[in-house]
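When a residue number appears, it is its place in the shown sequence, counting from 1.
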Amino acid sequence: MDRNPAPRPGPAPLLIACALGIEHLALRTGDRKGAPGDMTVLRTGMGPKNAERAVTGALGKHTLRDAAVLATGFCAGLAPGMHPGDLVVAEETRDARGSTPCTGTGLLVEELVRAVPGRTVHTGPLTGSDHVVRGPERGALLATGAIAVDMESAATLHSAVRTGQRPVAAVRVVVDAPQHELVRIGTVRGGISAFRVLRAVLPAFFEWHRSSLLPRR
């Protein structure tokens, strides 16, 4: 009998990736009750190339090698009827390289409804772009079946699964929509509802992380 068994590995870390300083601020100052002991909030910088570089580098570190990865921040809604402050839970992310299925979508929806009651939660494909999408381009992306677009989620999740098997997800807060289009991204700094929503969603992320690591029955 082995009197000195090897210690059991701890739970996998959680890596939450966002692009903008304002998003990072919301996540750093949000409700961290129930946060896993090994959590990293990574600011990647804007655009798919920056996201890919930052996430690949972070997951190359020994401490984050097995991390679950969740992409978050703001997005542009594509579907009519979307409003700033609505939430988007991706069933998959898409870009030119293909699609990445997301883990635990149903659980995330349930937990987000609990975390931010009264907010509408949309589910569907989240598509990637290398630029801010405006005007008629929204309609073209909507016709592909996507419900929202951002610049980093697809690259983040693609990089995450490319480096190893792990739970991945993307949750975005709508900051502009077909009837509520921003003139410039700096408008986000005006204290609109999307910032407050992003601050409130962390407990849902923590529950997703905890549940996604449980053994499957």
Checklist line | Name of the residue among Val174, Ile147, Val149 meeting side chain to side chain contact (heavy atoms under 4.5 Å, CB included) with Leu78 | finding: Val149
Checklist line | Sole candidate of Ile16, Leu15, Leu64 that passes side chain to side chain contact (heavy atoms under 4.5 Å, CB included) when paired with Leu42 | finding: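 It is Leu15; the other options fail the test.
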If you round to the nearest 0.5 Å, how far is [atom2] of [Y] from [atom1] of [X]?
| X | Y | atom1 | atom2 | result |
| --- | --- | --- | --- | --- |
| Cys18 | Met46 | SG | CE | 12.0 Å |
| Leu142 | Thr144 | CG | OG1 | 7.5 Å |
| Ser159 | Arg53 | OG | CZ | 10.5 Å |
| Glu207 | Leu112 | CD | CG | 11.5 Å |
| Asp150 | Ser129 | CG | OG | 9.0 Å |
| Thr44 | His24 | OG1 | NE2 | 10.0 Å |

Heavy-atom side-chain proximity of [X] to [Y] below 4.5 angstrom:
| X | Y | answer |
| --- | --- | --- |
| Thr120 | His83 | no |
| Val121 | Val113 | yes |
| Met151 | Asn50 | no |
| Asp38 | Leu14 | no |
| His131 | Glu137 | yes |
| Leu108 | Val171 | yes |
| Glu92 | Thr100 | no |
| Cys102 | Glu91 | no |

Next item on the list: Please test Val55 against Glu152 for side-chain contact (heavy atoms from CB on, under 4.5 Å), starting from the C-alpha separation and ending with a verdict.
Entry: CA-CA 10 Å; Val55 171; Glu152 297 84 25; over 6 Å; no
Examine [X] and [Y] and state if one hydrophobic cluster contains both, with Ile, Leu, Val, Met, Phe, Trp and Tyr joined whenever side-chain heavy atoms are less than 4.5 Å apart.
| X | Y | result |
| --- | --- | --- |
| Leu87 | Phe195 | yes |
| Phe74 | Leu70 | yes |
| Trp208 | Phe206 | yes |
| Phe205 | Val173 | yes |
| Val175 | Leu198 | yes |

Checklist line | Pair Arg97 + Glu52: basic N to acidic O under 4.0 Å | finding: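 Salt bridge: yes.
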Note to self: Check this for me: does any side-chain nitrogen of one of Asp86 and Arg172 sit under 4.0 Å from a carboxylate oxygen of the other?
What the structure shows: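 Not counted as a salt bridge, because no side-chain N and carboxylate O are separated by less than 4.0 Å.
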Please report the closest heavy-atom contact between [X] and [Y], naming both atoms and the distance.
| X | Y | answer |
| --- | --- | --- |
| Ala115 | Ala204 | CB-CB, 4.5 Å |
| Ala160 | Leu59 | CA-CD1, 3.7 Å |
| Val168 | Pro101 | CG2-O, 3.6 Å |
| Thr156 | Ala51 | OG1-CB, 3.7 Å |
| Arg94 | Ser99 | CG-CB, 4.2 Å |

Margin query: Is there a side-chain contact (heavy atoms from CB on, under 4.5 Å) between Thr72 and Glu23? Walk through the geometry before answering.
Written below: CA-CA 8 Å; Thr72 194; Glu23 297 166 341; over 6 Å; no
Next item on the list: Apply side-chain contact (heavy atoms from CB on, under 4.5 Å) to the pair Asp95 and Asp130, showing each step before the final yes or no.
Entry: CA-CA 10 Å; Asp95 63 10; Asp130 61 1; over 6 Å; no
Donor-acceptor pair, [X] side chain versus [Y] backbone, under 3.5 Å?
| X | Y | answer |
| --- | --- | --- |
| Arg199 | Thr29 | yes |
| Arg162 | Leu157 | no |
| Ser212 | His209 | yes |

Checklist line | Steps toward side-chain contact (heavy atoms from CB on, under 4.5 Å) verdict (Asp176, Arg138) | finding: CA-CA 11 Å; Asp176 68 339; Arg138 290 179 186 269; 2.8 Å; yes
